[in-house]
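First comes the structure, then the notes that go with it.
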Amino acid sequence: MRIESVELQQLRMPLKSKFETSFGNISVKDFIIVSIHGEGKTGYAESVALEYPMYSEETTGTVFYMLETFLIPKLLESNISSPEELSNLFAPIRRNNMAKAALEGAVWDLYAKQKGISLANALGGKKSTIDVGVSIGIEPTVDEVLIKVEEFLSEGYKKIKIKIKPGFDIELISAIRKRFGYSVPLMADANSAYTLNQVDIFKELDQFNLMMIEQPLEHDDIIDHAKLQKQISTPICLDESIHSADDARKAIELGSCKIINIKIGRVGGLYESKKIHDLCMANQIPVWCGGMIETGIGRAHNIAITSLPNFTIPGDTSASNRYWDEDIVSPEVMLSNPGILDVPTSHGIGYEIDQNKVNKFLVQKKSFKRNNSIVG
Ligand code: OSB
Ligand code: MG
C-alpha cells in the first residue's frame with residue numbers, strides 16, 4: 001500500500017445531553033480524527049479515548065502524543081502491504097491501544113478504498129444488516145431512566161443496556177422489569193463499580209433474567225470475575241478487562257465471563273478485534289461491539305466489524321442522533337428499520353466526512369509527510 005501523509009485533527013463536540021457512568025460524567029467528546037492519504041484516496045478513523053483517564057489510562061492527550069511521537073513516524077518510515085502488518089510494526093510499543101487503533105483503523109479504511117471494496121468485506125464480514133442496541137446512562141432518578149428506556153424501545157433498539165452503580169441497581173432494574181416486562185432484552189453495565197464482597201447484590205439481580213452483567217468488578221481483573229461467575233446465573237460480560245486475544249483466551253480458560261464486549265480501540269485495532277472474534281467463535285463465546293460515544297466515523301468502523309458472524313448479540317452502536325445534534329459524517333448513521341443498521345457496500349467505511357462540520361469543532365490540526373517532517 002502506498003501511504004503518503006497523515007493528518008490529525010482534534011475536535012471537541014458537545015453531547016446532546018450529559019452521559020453518566022459509575023466512573024464519571026461525559027458532556028463533551030474530545031477526540032482525534034486520523035486521516036491517511038495515499039494513491040489519491042483517504043482513509044479515516046477516530047480515536048475513542050476520553051478526555052480524562054476514567055475508563056482506561058489513555059486520554060485524548062496521550063493518544064495525540066503517542067501518534068505524533070512514535071506511531072506515525074513508524075508508519076511513515078515503513079512499507080506495509082496490508083493493515084495486518086501494523087500489529088508487528090507496533091508491537092515494540094507497549095499498550096496505548098486506543099492510539100494504535102486510531103491509526104490502524106484509518107489504514108484499514110485506506111486499504112479497502114485502494115482495493116475498491118467495503119471495509120466490512122475487507123474484514124471478511126458477510127452480514128448486510130446488523131441488529132443494534134443502545135446504552136443508557138445513570139440519571140438522577142429511576143423515573144428518568146424509565147423515560148429513556150421507553151424512548152429507545154419506541155425506536156426499536158434490540159438491546160437496552162443500563163448503567164448501574166452501588167445504590168442505583170436493584171431498585172432500578174426491578175422498576176424496568178415491572179414497567180416493560182421480561183421480554184425486553186435488558187442488560188446492566190457496572191463499569192467496575194463493585195467488589196466481590198458485594199456478591200449478594202448480583203445474586204439478587206439474578207432474578208431479573210438479565211442478558212448479562214457487564215464488567216461488575218475491577219477494570220483489570222479476571223480472577224474475582226471467575227469467582228463471581230461461579231456464584232451467579234447471569235452471564236458476566238467483560239469490557240475493561242480484555243485488551244487482546246490473549247486476555248480473552250485467559251478469561252475464557254478461567255471462566256471469568258461467558259460473553260465478551262469487543263471495542264476496537266480498547267483492544268488496539270480491527271485486526272486484534274477480529275482475532276478475539278475468531279477465538280470466541282471457536283469457544284462458543286458470543287461477542288458484541290461496544291461503543292465509546294463515537295461520531296459517525298467510529299460508528300462506521302463498529303458497523304463494519306459487527307458484520308462478522310460471531311457478533312450475535314446487538315451492540316451499543318446506536319444511530320448518530322443518540323448523542324449528536326448533528327454528526328460530522330454524511331449521510332448520518334440512521335436506523336434503516338427499527339433497531340437495524342445497514343452495512344455499507346460502498347468503498348471503505350461507506351460514509352463521507354463533512355469537513356465544514358468538522359471545522360466547527362476543530363481545536364488543532366497537524367500534518368505529517370512521508371519524509372517524517374511535520375508540515376503544518
Ligand atoms: O462501558 O461501555 C462502556 C461509554 C463510554 C465509556 C465506556 C462505556 C460507554 C458506554 C456507551 O456504555 C456506549 C456508546 O453508546 O457509545
Ligand atoms: Mg462497558
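Each residue takes its place number in the sequence, starting with 1. Both ligands and their constituent atoms are indexed starting at 1 by order of listing.
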Q. Are the side chains of Ile262 and Ile242 in touch, meaning some heavy atoms are under 4.5 Å apart?
A. no

Have [X] and [Y] got a donor and an acceptor in their side chains that come within less than 3.5 Å?
X	Y	result
Ser56	Glu240	no
Asp206	Ser233	yes
His219	Ser192	no

Q: Give the intermediate values and the outcome of salt bridge (charged side-chain N to carboxylate O under 4.0 Å, His left out) for residues Glu272 and Lys275.
A: CA-CA 5 Å; Glu272 197 68 22; Lys275 288 208 307 207; 3.5 Å; yes

Ligand 1 to [X] polar contact by distance, N or O atoms, under 3.5 Å:
X	answer
Tyr55	no
Phe19	no
Asp239	yes
Asn261	no
Lys263	yes

With heavy atoms of [X] as the reference, note each atom of ligand 1 found under 4.0 Å away.
X	result
Phe23	6 (C)
Glu214	2 (O)
Asn191	1 (O), 3 (C)

Q. Identify the closest protein heavy atom to atom 15 (O) of ligand 1: which residue and atom is it, and at what distance?
A. Tyr323 OH, 2.6 Å

Q: Report the nearest protein non-hydrogen atom to atom 16 (O) of ligand 1: residue, atom name, distance rounded to 0.1 Å.
A: Ile293 N, 2.8 Å

Where does [X] meet ligand 1, judged by heavy-atom distances below 4.0 Å: at the side chain, the backbone, both, or neither?
X	value
Gln215	neither
Lys163	side chain
Asp189	side chain
Thr317	neither

(Q) Between Tyr351 and Tyr44 (judged by ring centroids, cut-off 6.0 Å), do the two rings come close enough to count as a pair? (A) no

Which residues share a salt bridge (Lys or Arg N to Asp or Glu O under 4.0 Å) with [X], sequence neighbours left out:
X	result
Lys158	none
Lys165	Glu20
Glu144	none

**Q.** salt_bridge(Arg249, Asp246) N-O dist < 4.0 Å
**A.** yes

Q: Would you mind checking if Lys366 and Glu7 are paired as a salt bridge, meaning a charged N to carboxylate O distance below 4.0 Å?
A: no

Q.
Is the terminal nitrogen or CZ of Lys16 (NZ for Lys, CZ for Arg) located under 6.0 angstrom from the six-membered ring centre of Trp324 and within 45° of that ring's axis?
A. no

Q: Report the C-alpha distance between Arg2 and Glu4 in whole Å, list the side-chain angles of each, state the deciding distance to 0.1 Å, and finish with yes or no for salt bridge (charged side-chain N to carboxylate O under 4.0 Å, His left out).
A: CA-CA 6 Å; Arg2 177 89 193 129; Glu4 283 135 28; 3.6 Å; yes

Q. To which of Gly133, Gly291, Gly298 does the heavy atom nearest atom 13 (C) of ligand 1 belong?
A. Gly291

(Q) Taking 2.8 Å as the distance threshold, tell me the number of protein N/O/S atoms next to the Mg ion (ligand 2). (A) 3

